[in-house]
Amino acid sequence: MSDATVLNLVLYLPVLGALALPAIPVRREDLTRALALAVMGLQFLLTAYLYARFDPAVAGLQFETRLPWIPSWGVSYQIGLDGFNVLLVLLTAFLGPLVVAGAFTAIRKDVKLFHAMVLLLQFTMLGTFLAQDLFLFYLFWEAMLIPMFLIIGVWGGERRVYATVKFVLYTAFGSILMLGAVIYLAYAAHAGSGVSSFAFADLYRTTLPVPAQTVLLAAFALSFAIKVPMVPFHTWLPDAHVEAPTAGSVILAGVLLKMGTYGFLKLGFPLFPDATRLFTPAIMTLSVVSILYGAGLALVQTDIKRVIAYSSISHLGYVMLGLVSADLLGIQGAILQMVSHGLTAGGLFLLVGMIYERCHTRELAAYGGLARILPVYSVFFMILTLAAIGLPTTSGFTGEFLVLLGAFSAAWQQYELGAVQPLALSGAAVLGVVLGALYMLRLAGRLLFGEARVPHQPVVDLALREKLVLGAIVAGVFALGLYPQEPLRKSELAARQYQELLARGVGAGGPARAPEARPPRPAGQTAGKTP
Amino acid sequence: MSAETVLTALLPEVLLLAGLLLLIGLEIAVPRHRGAFAVSLLAVAAAAAAAAWLSAGGSSAAPFPGHYSVGPDTFAAKAVVLALAVPVLLLARGEFPGGPFYPLLVSSLLGVCLVVSADSFLTLFLGVELMSIPVYVLVVLAFQREESAEAALKYLVLSGTASATFLLGVSLLYGGSGSLALSAFSTALGSRDVLATAGVVLVLSAFFLKAAVVPFHTWAPDAYEAASVPVTAYMAAVVKAGVLFAVLRLFALAPAERPLVDLLALLPLASMVWGNLAAMRQDGLRRLIAYSSIAHAGYLFYAFLGDGPGRFQAVTFYLLAYGLMNVLVLAALPPAGDDVARDRLERLKGLFQRQPYAAWMIAVAMLSLAGIPPFPGFVAKFLVFKNVVAAGYPVYAVLGLVGSYLGLYFYLRVIQYLFMAPPPPAEEASAAEGEGAPSRLALAATVLCLLPAILIALFPGWVIDRLGG
């Protein structure tokens, strides 16, 4: 079996699993769970195999499949792994079995429907990352809403219907404008080159006039910024997170939000380089505002889930900051930060879910001194808290540190040219790290230490299943924190390609104007510099 | 031209006519016969197959030059319309064991076929009337509530007005050009003559009314609601298709030019916005479908902003995707004791718990109508808006997309009822009593809608290529 076939298998395994579900009798919930877990587990193993086979020295797509799909429009079914998506695909496949295993006891209603939706969601998320054709990308991007709509709406909390409708209406509004932009972009590319194609590679080659780029980037950016979410498009997120079942929150924080940043990385910025240069100050400002605003709000929440929800806004602000810096370290840091946030936020949401299952409340004030009552739980909570803060040796440190390094190096160059704003913004972003430590330690402090109290007695500590799930996440957190070289190497060529794409365009100036046009550093040095 | 060529060219119509004559003959000769369903199903399915076969063969002919011609496109259109009528017939079996329903439906279908092939205003008028008049009767046929008669009358009067408007417009066009050929319309599109423009606007208004485009839409919610389920499905899927094909024949390949473009964009746009907004407030499923169909009429007319050759493709693809999904909703709707109860949206609450298959079918149809991928409605919408952009109206395209966004809410609300709402507690018992499982024929109808929809979703390129362009 060729590797391209394996990649297709990875993509379609969840669909096969979902199609097999109706064959299981309704009463056999255990069988349903086992099947979903087996499918997800197999998918992860195959993805890990592909990740190991992924050659960091090859630029561009690997394990590619390209088949004509709507030939008269130039739409093809094209999927493949490259440096942009390989880590995110691995993250998605890694979280898949953990989500299923984490929901073993929490989901008791409509078990089959739930697992079918989780599997379909997995399919659409992987499809979004793997798609190398704009039409296909949009298809997966939009189809993703349906399973998420049901996951939040059927198994969510009190105000689940409100939250899920809000989530879908927000994201769909962005998508509908993006659809207009997709259609126009394909049309303009066709008018420019005479070839009608939706393939990313072909679209990268078209250069549109700056006004058209500006409008199109605005449409794409709105859609992506809602998904990330960036302030001021973030208001759907706390509601969705709080009302979603644990599995929904984990997927939402772990993978779904990365769709937005991945969209910027793969499409938004590289497709419209001139408009990106124009928008950079605004996006940078919004990123820093997101970092600080998210952190500030996380600081005053009384609901545990809300703290982590707002912290996501803050953490993804770093990703955006790294992407707009257009500095190699910044970009790689951003990619790493995406994976790291997927692990830590996913893990924290799992932890919140576990305590909620035991005590049925998420009120921070109801808890205290869990370290004495639930020691194992507390250890995991503390590790993930420290990872979220960005303690060295954890994944959070590598990502955030590289982003800030990149942001400063880009800002410094601009400062030398007389621009103060980027430097000031980068400085403000550092403040976010401090705030991050504050709100996470406040959360952990109130929850784990102090007078011991739980709203519901007796509570039992983590079961083996829960320990395994959390153990896997913690292992991932440390693996990424201690050995970042390997993932960095796999994404390096993509980061360079991103820089090159940003540097082209009608208004591309010399190296003096555009920091991204600097001569690239020799390979290996990047990896060497990281802690 | 040999009789054989004429007969081949007219094969779908001939089959329908044979079926129609047989039905009428049976009605006269055998009292209380039970063969009407089988005969009409056979005739319609055979006609659909014949049309599909002739379309694939690529034959074209003009058996009645200047009045009636066929080609691969017209055969494809007939195949689509006739194929949509097959699940409608399956649905009708339970409600209409016999009687006038079947001859009326078949003659209406004959009218649609005539419309699709019309080359002159005479044939077109004949086709449109042959298509519409049986439907007025069909609406009152299942006389189950007081409002049915009122709605049918409203439909009759307004549709009659549309016919009169059409004739007035045609007479103006005829006065200007001295020709009854349909090309008089497309010539008049580009003309600056006041008389010609007035003719064009009148003809267009007539079809706006027949297709229920705002502000000529008011008959649709009442008529859709008053009619029984299969008739609603027929009106939403087939009659709308017939009207749109008539407009396609009228426009032929002529480009839409200003100021007509604005009329052609703004009224459909208003239709999308109003249809989608009004649908949010409905509590009956058929009224919801009616307002949704008003919005969809908007998208369909948007296709005429695009350039000539792409229009047929866009409209036909759209009608296929849209028609299949409309029939699917109505086929999956669980039967109930009385017609009013069956229609209530509230009754869909918690349906997933009681009838998962029906709930899924309705959900799929709603998502497709909302234009969410991977369902066929998405590609259909994409095709329409792609053509609008390519014709140089990106602003109208964006406005239309935002208009379509407004519809998302009420489609989602139906899905929310299906999956997220508990069944209404007080009526739970009565709802469970009255609510039966869908009949076998209704299930067959859902499969007949679902399978093509899946194929379209998986291989849109194949379908698009078959539709020329």
Side-chain angles (χ1 to χ4, degrees), chain A residues 22 26 67-77 109-110 112-113 116-117 124 127 135-136 138-146 149-150 152-156 160-162 164-165 168-169 172-188 190-191 196 212 215-216 219, chain B residues 310 313 352-353 356-357 359-360 363-364 366-367 370-375 378-379 381-392 394-409 411-413 415-421 457-465 467-469:
Chain A
V26 180
L67 300 166
W69 194 33
I70 310 182
S72 49
W73 301 357
V75 171
S76 54
Y77 169 76
K109 188 177 89 175
D110 296 331
K112 261 161 72 166
L113 182 66
M117 286 304 112
T124 52
F135 187 85
L136 196 64
Y138 187 83
L139 208 78
F140 281 121
W141 171 272
E142 189 78 347
M144 198 158 54
L145 290 181
I146 308 162
F149 176 68
L150 287 180
I152 301 179
V154 177
W155 297 276
R160 57 181 192 272
V161 171
Y162 165 78
T164 197
V165 169
V168 172
L169 290 184
F173 184 71
S175 318
I176 205 82
L177 293 181
M178 182 165 98
L179 178 60
V182 166
I183 294 173
Y184 188 83
L185 176 63
Y187 160 73
H190 174 70
S196 96
V215 175
L216 292 181
Chain B
Q313 202 180 46
F352 176 72
Q353 306 292 339
Y357 177 75
W360 271 120
V364 164
M366 287 296 151
L367 290 169
I372 290 181
F375 301 102
F378 169 69
V379 181
K381 203 171 274 181
F382 196 93
L383 184 50
V384 166
F385 285 108
K386 181 174 161 290
N387 289 353
V388 174
V389 168
V395 176
Y396 279 137
V398 170
L399 289 175
L401 285 169
V402 173
S404 81
Y405 168 75
L406 294 177
L408 190 58
Y409 176 75
Y411 293 118
L412 285 182
R413 193 168 65 123
I415 297 178
Q416 177 210 319
Y417 277 8
L418 292 171
F419 288 92
M420 300 170 197
L458 289 179
F459 309 105
W462 188 85
V463 181
I464 288 169
D465 288 348
L467 294 176

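What you are looking at is a predicted structure, and each value in this text was computed from that prediction instead of being measured. Within every chain, numbering begins at 1; the chains are lettered A, B, ... in the order of the sequence lines, protein sequences first and strands thereafter.
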Under 4.5 Å to a heavy atom of chain B? For A/Phe149 that would be both

#### Entry: Side chain proximity check, A/Ile70 to B/Asp465, heavy atoms < 4.5 angstrom
no

Bottom line for B/Ala457: the part with an atom under 4.5 Å from chain A's heavy atoms is backbone

Turns out that what part of A/Ser175 lies under 4.5 Å from chain B's heavy atoms comes down to neither

Cut-off 4.5 Å, heavy atoms of chain A, and the answer for B/Leu383 is both

| task | Compare all side-chain heavy atoms of B/Phe419 with those of A/Leu113 and state whether any distance is below 4.5 angstrom. | result | yes

Bottom line for B/Val398: the part with an atom under 4.5 Å from chain A's heavy atoms is side chain

Are A/Leu150 and B/Ile415 close enough that some pair of their side-chain heavy atoms sits under 4.5 Å apart? yes

Cut-off 4.5 Å, heavy atoms of chain B, and the answer for A/Val165 is side chain

Heavy-atom nearest pair, A/Ser72 first then B/Ile464, reads OG-CG2, 3.8 Å

request  = Please tell me if the side chains of A/Val75 and B/Phe382 come closer than 4.5 Å, counting only heavy atoms from C-beta onward.
outcome  = no

Okay, A/Tyr77 and chain B: the region with an atom under 4.5 Å from a heavy atom over there is neither

If you tally heavy-atom pairs under 4.5 Å between each of B/Leu367, B/Leu401, B/Val463, B/Ile372 and chain A, the highest tally belongs to B/Leu401

When every non-hydrogen atom of B/Leu458 is compared with those of A/Trp69, the smallest separation belongs to O-NE1, 2.7 Å

Bottom line for A/Phe173: the part with an atom under 4.5 Å from chain B's heavy atoms is both

> With no hydrogens and no angle check, is any side-chain donor or acceptor of B/Tyr405 less than 3.5 Å from a backbone partner on A/Leu169?
Replying inline: yes

Honestly, the part of B/Ala397 sitting under 4.5 Å from a heavy atom of chain A is neither

Item to complete: Check whether any side-chain heavy atom of B/Phe385 lies under 4.5 Å from a side-chain heavy atom of A/Leu179, and answer yes or no.
Response: no

When the 4.5 angstrom heavy-atom criterion is applied to A/Leu145 and chain B, the contacting part is neither

Evaluate the side-chain proximity of A/Asp110 to B/Gln353: yes if any heavy-atom separation is below 4.5 Å, no if none is.
yes

Applying a strict 4.5 Å limit to non-hydrogen atoms, the region of B/Pro394 in contact with chain A is side chain

